[in-house]
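Letters A, B, ... mirror the listed sequences (proteins, then strands); counts begin at 1.
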Amino acid sequence: MLDKNGIAKRIAKEVKDGYYVNLGIGIPTLVANYVRDDIEVEFQSENGVLGMGPFPFEGEEDADIINAGKQTITTLPGASFFDSALSFAMIRGQHVDLTILGAMEVAENGDIANWKIPGKMVKGMGGAMDLVASAENIVVAMMHTNRAGESKLLKRCSLPLTGVGCVKKIVTNLAVIEVTENGFKLLERAPGVSVDEIIAATEGHLLVEGDIPEMQL
Amino acid sequence: MLDKNGIAKRIAKEVKDGYYVNLGIGIPTLVANYVRDDIEVEFQSENGVLGMGPFPFEGEEDADIINAGKQTITTLPGASFFDSALSFAMIRGQHVDLTILGAMEVAENGDIANWKIPGKMVKGMGGAMDLVASAENIVVAMMHTNRAGESKLLKRCSLPLTGVGCVKKIVTNLAVIEVTENGFKLLERAPGVSVDEIIAATEGHLLVEGDIPEMQL
Amino acid sequence: MISKKVANVSEALEGIKDNMTLMLGGFGLSGIPENSISKLVELNVKGLTCISNNAGVDNFGLGLLLHKKQIDKMVSSYVGENAEFERQMLSGELEVELIPQGTLAERCRAAQAGFPAIYTPAGFGTEVAEGKETREFDGKMYVLEHAFKADFAFVKAWKGDAAGNLIFKGTARNFNPVMCGAAKITVAEVEELVPVGELDPNQIHIPGIFVQRIFEGKNYEKRIEQRTVRPKL
Amino acid sequence: MISKKVANVSEALEGIKDNMTLMLGGFGLSGIPENSISKLVELNVKGLTCISNNAGVDNFGLGLLLHKKQIDKMVSSYVGENAEFERQMLSGELEVELIPQGTLAERCRAAQAGFPAIYTPAGFGTEVAEGKETREFDGKMYVLEHAFKADFAFVKAWKGDAAGNLIFKGTARNFNPVMCGAAKITVAEVEELVPVGELDPNQIHIPGIFVQRIFEGKNYEKRIEQRTVRPKL
């Protein structure tokens, strides 16, 4: 079973040379730490920066240079700042190659819910609805089950949707799963996790074909 | 009767303190020369400059700094350059206060034609269609009649339209005319021009009420 | 040069009344019009509709207006990090319209640029699209979203001049440029008001034509919400 | 940093074929991609559709392509100042779609920003609106205009870096920024290619994400169409 850093590490393998990548808040943010050194990747943050670098050194943080999670950041050579309209032009215009975001629920048809629990929690969708409606390559990073132990991979989402039929791949603490026309398809098992454990933790229909390899991290 | 500079001089009186003004090609360009010195006005050119100044001194012209007529220009302190989208945001968003442009024909309902003579001359509309569709304050600068001596102030335009019901005022070599709900209304006569001469040169219906003053230039 | 300079924040906010619709720039607490917000608190105008990506935090930014119950309605994309906000929203005291962040930006830009509405894919198939026109183009579905109508836009820039020209800094730019000219009156507060002619015409982010009033702000706090750092080596 | 740098104009134009749709920046002869145009002439690709505000003059700019009859269709807003163009158009050899200048800019931006179409007031009630959907919003009429679809966009900037970041100069900016990222492949030629990190991130007009190939151009003529001057005092 993986921890959050393990999920981030596995997702980092989805990041290819020459990709512009948008990382959501939470586990996705950690992905930047595990991207291979020998490829060129640029991180976009929808609040208006391309070419994000690591966190600043203590004492060098700048209130005017933050990411979408409101964290202080730095920029790398070749970076640029821009307004929100141009930022979402990058996203809506499909110039960003890969979007990695968290979710509360994902359905076997690719629907995703991650912005609202009616009557309880309403933080808002931020840029997520634009991202999932536009991106061609969306990977969800999340725990396989919620705190109550219930599956987050469902036949149908029960929470208000963020986007419809958009998720392509899911990486959880238990597995790597592809969203296909026929529902969830198990691609990889987390180290030490059995196929049966994954099936048990997945409410939606899970296709299991042949031998399921263990993730290479 | 006025010459082109006279028309420009009269139109300059329409330019008020604090106005952003877009000047079309031809007579409108001359208007800048006659604006009062004691008011603050900024000229916008739709190719992407606000705060245009006079022509450059000989030898100081710059191919990268031109107006919409492709003439080399200079800029004044406080000027800015921008792209075509932001330029037309200024125009379409009604941030420009006054638009002055030429015309081949104007109709008594405010229609204007100035971009095409079918089968003969097709230069294109450039920014004129955006300007006339958006501007709240449009003044046309033109000769009252064409080279064949035919009136350019018509019941209806015969040429393909640039915009519908948009012209508010017309300044010609003979008169200042307002476009009202009831058609053309004569406001002022050019020096030495009689009301009868103006009526004779105007094909559209011309309202003449009371004494028509001579223009003050 | 047409001057937009006003003496101070009081003059900048002249004409503000109860029940107006305001746009406010900023992302989180970055690039928010701190001086204008303080003055709104002081003037105690009520019944406001505020269009702003976020709603501040409990004791700063728009949180200050929420605390005094000056806001009737918020139009935002993300409102976490604010307990008082959540309380007012869940109790029904505060009306909240949550919309996608890119939609928020484009509805501002539409107002700035004279577009009545735009078609965006964001929110299709979700409750955001409920009651709205949807339409297919080239096999993909879009939602029709209308331009905002606002009375005042309050923006914050890094540098500006009396002509109203603005330059923003870093990610404090965010929604500020698209809100300029998107309301009847745009008020820009700047950290530094420089002499006209000092800004490079080639490097101006927002030309003065989009700004009606400009002043140099005071005592910027520029609070950081999530201070994340590496230890110095 | 993702590098977009190519060795030269030949590499920049790889994949160009007959019957493609091209966007070309520039207003008049200001800010046109001179090197790319010369290469298009040399490659002698035919049957092109060119989206460009103007069509050059008889012996420069797009006029060079017109002269060799490489263009089947022009989509422009203003095509005066070009006798050969007028001849080909009036004789029917050349198909011409004239559209308002602001519409041209926004149809590019729509393609860049992922909008399928826009509503603009420009051209309502004229032959430009014939056959197009029109619609009323708030008592005003608008025309629905669709995003362009193009294979290549050729733009010219003042400075750029290997990351594809661009800065334009003066009114040579014009349509260049809105064409970046509006075609499948955007080729940027720059007067000066500077080392990565030299451009201020705050002052970049177009971030490199919108550019696929960049190179430093040569021998810019930068012709002036209307040289208007005052005598020196």
Side-chain angles (χ1 to χ4, degrees), chain C residues 30-31 100-103 105-124 132-149 157-159 165-174 176-178 191 199-207, chain D residues 30-31 100-103 105-124 132-149 157-159 165-174 176-178 191 199-207:
Chain C
S30 188
Q101 198 173 134
T103 300
E106 275 314 304
R107 290 177 67 184
C108 291
R109 184 186 181 259
Q112 174 191 66
F115 292 111
I118 55 134
Y119 285 108
T120 177
F124 175 75
K132 292 176 185 166
E133 174 183 325
T134 59
R135 180 165 174 172
E136 185 187 318
F137 291 94
D138 275 344
K140 185 164 177 163
M141 295 301 297
Y142 297 84
V143 185
L144 186 73
E145 297 276 6
H146 291 262
F148 284 126
K149 287 181 171 57
W158 180 37
K159 293 184 181 180
N165 294 309
L166 302 178
I167 291 179
F168 304 90
K169 184 179 153 227
T171 53
R173 192 182 318 187
N174 56 66
N176 286 297
V178 288
E191 287 183 53
L199 301 178
D200 179 352
N202 217 31
Q203 297 293 14
I204 286 165
H205 293 138
I206 282 292
Chain D
S30 187
Q101 199 174 130
T103 301
E106 275 313 306
R107 290 178 68 184
C108 292
R109 183 185 181 261
Q112 174 192 67
F115 293 110
I118 55 134
Y119 285 108
T120 177
F124 175 76
K132 292 176 185 165
E133 175 183 323
T134 59
R135 179 164 174 173
E136 186 187 318
F137 291 94
D138 275 344
K140 185 164 176 162
M141 295 301 297
Y142 296 84
V143 184
L144 186 73
E145 297 276 6
H146 292 262
F148 284 126
K149 288 181 173 54
W158 181 38
K159 293 184 181 180
N165 294 310
L166 303 178
I167 292 179
F168 304 90
K169 186 180 152 225
T171 54
R173 192 182 318 187
N174 55 66
N176 286 296
V178 289
E191 288 182 54
L199 300 178
D200 179 352
N202 217 31
Q203 298 294 14
I204 285 165
H205 293 139
I206 282 293

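- Contact of N202(C) with chain D is made through backbone and side chain together, with heavy-atom distances under 4.5 Å.
- Residue with the most contacts toward chain C among A117(D), P116(D), G102(D): P116(D) (heavy-atom pairs, distance under 4.5 Å).
- The two residues G114(C) and P121(D) make their nearest non-hydrogen contact at O-CD, 4.4 Å.
- Using a 4.5 Å cut-off between heavy atoms, Y119(C) touches chain D through backbone and side chain atoms alike.
- Looking at I204(C), neither its backbone nor its side chain comes within 4.5 Å of chain D, counting heavy atoms on both sides.
- No donor-acceptor distance shorter than 3.5 angstrom exists from the side chain of H146(C) to the backbone of F137(D), with no hydrogens or angles considered.
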